[in-house]
There are 2 protein chains.
Amino acid sequence: MADDLPPTAWAVLGLLSFPGERTGYELKKWADASLRFFYWSPAISQIYAELRRLESLGYVTSLHSGAEEPRAKRTYAITEEGRGALAVWAGGGQGLGAPVLKHPVLLRVWLGHLAAPEHLRGLVTEHVARTKGELKEVRDALGRADGVEAWAHPQIALRWSERRLAAEVELAEAMLDDLDAVPGQPPGNSPTQG
Amino acid sequence: MADDLPPTAWAVLGLLSFPGERTGYELKKWADASLRFFYWSPAISQIYAELRRLESLGYVTSLHSGAEEPRAKRTYAITEEGRGALAVWAGGGQGLGAPVLKHPVLLRVWLGHLAAPEHLRGLVTEHVARTKGELKEVRDALGRADGVEAWAHPQIALRWSERRLAAEVELAEAMLDDLDAVPGQPPGNSPTQG
DNA sequence: CTCCACATGTAAAAGGTTACATGATTAG
DNA sequence: CTAATCATGTAACCTTTTACATGTGGAG
């Protein structure tokens, strides 16, 4: 049992562990709509590559709708072996690494001594707006998953993501206050609310 | 002006934009102690590689303490050109991508239908403990940066990280409750507090 | 008729990690 | 004396992205 696949492979296999069969293209959309909020969405070309690898391991099977269907596509399904391997992987995982966060906005704030204060505020404000948009996306996804028994756990992950994004907004707003309190800086365009 | 360096290169250059000169080895420790909380710490071998690239671009200079010092080491300093390029990079950044989060624990929770409920609880509990440890590390780093005027912005990034980790603990605890509420599951080993 | 979504894949390049190799200094 | 820390680097390998190439079907 090849147990040392990269997390991405398990994520793709995981996508197929829920009821139904899907194409690589569909998998990418699923990943964009939910996986990405807590574990990033691979490029479509990588999804195809992972699917081929998983198939070569016997963890998935594919069916090519060749002559029958007008539009040719390859539909993937998880095998029993794949489900077993995935369960073994899911059952392990003690001593997991810490979550990795790559936050471009924080990277710039960290280097704030090199930028104009208003510019920094602008980046953070933009980030807040974007995050609120993502919050809406998560809520939509949550709405779609609601009530479906097989999706109890994805739903928990989504609920976590929802709270996480709400926290991200609060974090950014608190940072805005910290930014305003940096000494040696003109009062700037931010009204000292109160 | 080669403006299309990967964020990692800017992060390493950024490390050198604070007062003082340092070796690649020291840079790695700095990254482990602060950068990693909001933007991951590159492998030491990659730091050396980035330093060589930055030097070839004229963004940093190095001094090899050859025959003089007993222990040979190469000390890096940012150049004016490097500082300029970094400032340009820091001054841009509108339309930044969303932060990328890779959360191994969430990935397993998402696949919770394949694992034993107690196992899931164990992973999350372990994650809470680890996060609390990181919280302590951030507070230590914050203590070291405290009062140093040149570090106002790194301090803001650290403060953000502190709040973020505190939020992470709360998020995980809320998820534990969600996990207990999954239907079709034995009451388990978690006492229904109340 | 044109644009967008569907659908799949290849190839090159970049990014990044791990393992390996080496050696001095310091703390216990 | 021994282990850990300091210190640097190479090479192989894997992961992942980007750009490219191709073609169908439906909506406006």
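Each chain gets a letter, A, B and so on, in the order the sequences are listed, and its residues count up from 1.
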Worksheet item: Quick one: which of D:dA7, D:dT8, C:dT8 gets closest to the side chain of B:Arg74?
Response: D:dT8
Discussion item. Counting only side-chain nitrogens and oxygens, does B:Trp40 get under 4.0 Å of the OP1 or OP2 atom of C:dT17?
Written reply: yes
Worksheet item: Using a cut-off of less than 4.0 Å, is there contact between a side-chain N or O of A:Tyr48 and OP1 or OP2 of C:dG9?
Response: no
Discussion item. Measuring from the side chain of B:Pro6 (C-beta onward, heavy atoms only), which nucleotide among C:dT17, C:dG15, D:dT15 has the closest atom?
Written reply: C:dG15
Item to complete: Could you tell me the separation between the OG1 atom of B:Thr8 and the OH atom of B:Tyr39, rounded to the nearest 0.5 Å?
Response: 5.5 Å
Worksheet entry | Closest listed nucleotide, where the reference is the side chain of B:Arg53 and the choices are C:dT17, C:dG15, D:dT16 | C:dG15
Worksheet item: In whole angstrom, what separates B:Ile47's CD1 from D:dC6's P?
Response: 14 Å
Discussion item. Any side-chain N or O of B:Gln46 below 4.0 angstrom from OP1/OP2 of C:dG15?
Written reply: no
Worksheet item: In whole Å, what is the span from the CG atom of B:Leu27 to the C1' atom of D:dA7?
Response: 13 Å
Item to complete: Starting at atom NZ of A:Lys28, determine the distance to atom P of C:dA5, rounded to an integer number of angstrom.
Response: 15 Å
Discussion item. From C-beta outward on A:Ser45, which listed nucleotide comes closest to its side chain: D:dT10, C:dG9, D:dT18?
Written reply: D:dT18
Worksheet item: When you match B:Tyr76 and B:Lys29 each to their closest nucleotide on DNA chain D, which lands nearer the 5' end?
Response: B:Lys29
Item to complete: Rounded off to whole Å, could you give me the NZ-to-C1' distance for the B:Lys73 and C:dT25 pair?
Response: 12 Å
Item to complete: Take atom CG of B:Leu63 and atom P of D:dA7, then tell me their distance rounded to the nearest Å.
Response: 15 Å
Worksheet item: Of the nucleotides D:dT16, D:dT8, C:dG16, which has the atom closest to the A:Lys102 side chain?
Response: C:dG16
Worksheet item: Hey, does the Lys NZ or Arg CZ of B:Arg36 hover above the aromatic six-ring of B:Trp30, less than 6.0 Å from the centre and inside 45° of the axis?
Response: no
Worksheet entry | Whole-Å gap separating P (D:dT17) and CG (B:Asp4) | 19 Å
Practice prompt. Dump the intermediate steps for salt bridge (Lys or Arg N to Asp or Glu O under 4.0 Å) on B:Glu126 and B:Arg130, then the final yes or no.
Written response: CA-CA 6 Å; B:Glu126 194 188 347; B:Arg130 197 226 350 265; 5.7 Å; no
Worksheet entry | d(CG, B:Asp32; C1', C:dT17) in whole Å | 14 Å
Worksheet item: Are OP1 or OP2 of D:dT10 and a side-chain N or O of B:Arg52 less than 4.0 angstrom apart?
Response: yes
Discussion item. So, OP1 or OP2 of D:dT15: does either fall under 4.0 Å of a side-chain N or O from A:Thr8?
Written reply: no
Worksheet entry | Residue of the set B:Phe18, B:Trp151, B:Trp10 for which ring pair (Phe, Tyr, Trp, His ring centres under 6.0 Å) holds with A:Trp110 | B:Phe18
Worksheet item: Among the nucleotides D:dC6, D:dT16, C:dA7, which one has an atom lying closest to any side-chain atom of A:Thr23?
Response: C:dA7
Worksheet entry | A:Tyr25 side chain, from C-beta outward: closest of C:dT17, C:dT8, D:dT17 | C:dT8
Worksheet item: B:Glu50 has an atom CD; how far is it from atom P of C:dT17, in whole Å?
Response: 10 Å
Worksheet item: Are B:His103 and A:Trp160 close enough that their ring centers fall under 6.0 Å?
Response: yes
Worksheet item: Does a salt bridge link A:Arg144 with A:Asp140, judged by any charged N lying under 4.0 Å from a carboxylate O?
Response: no
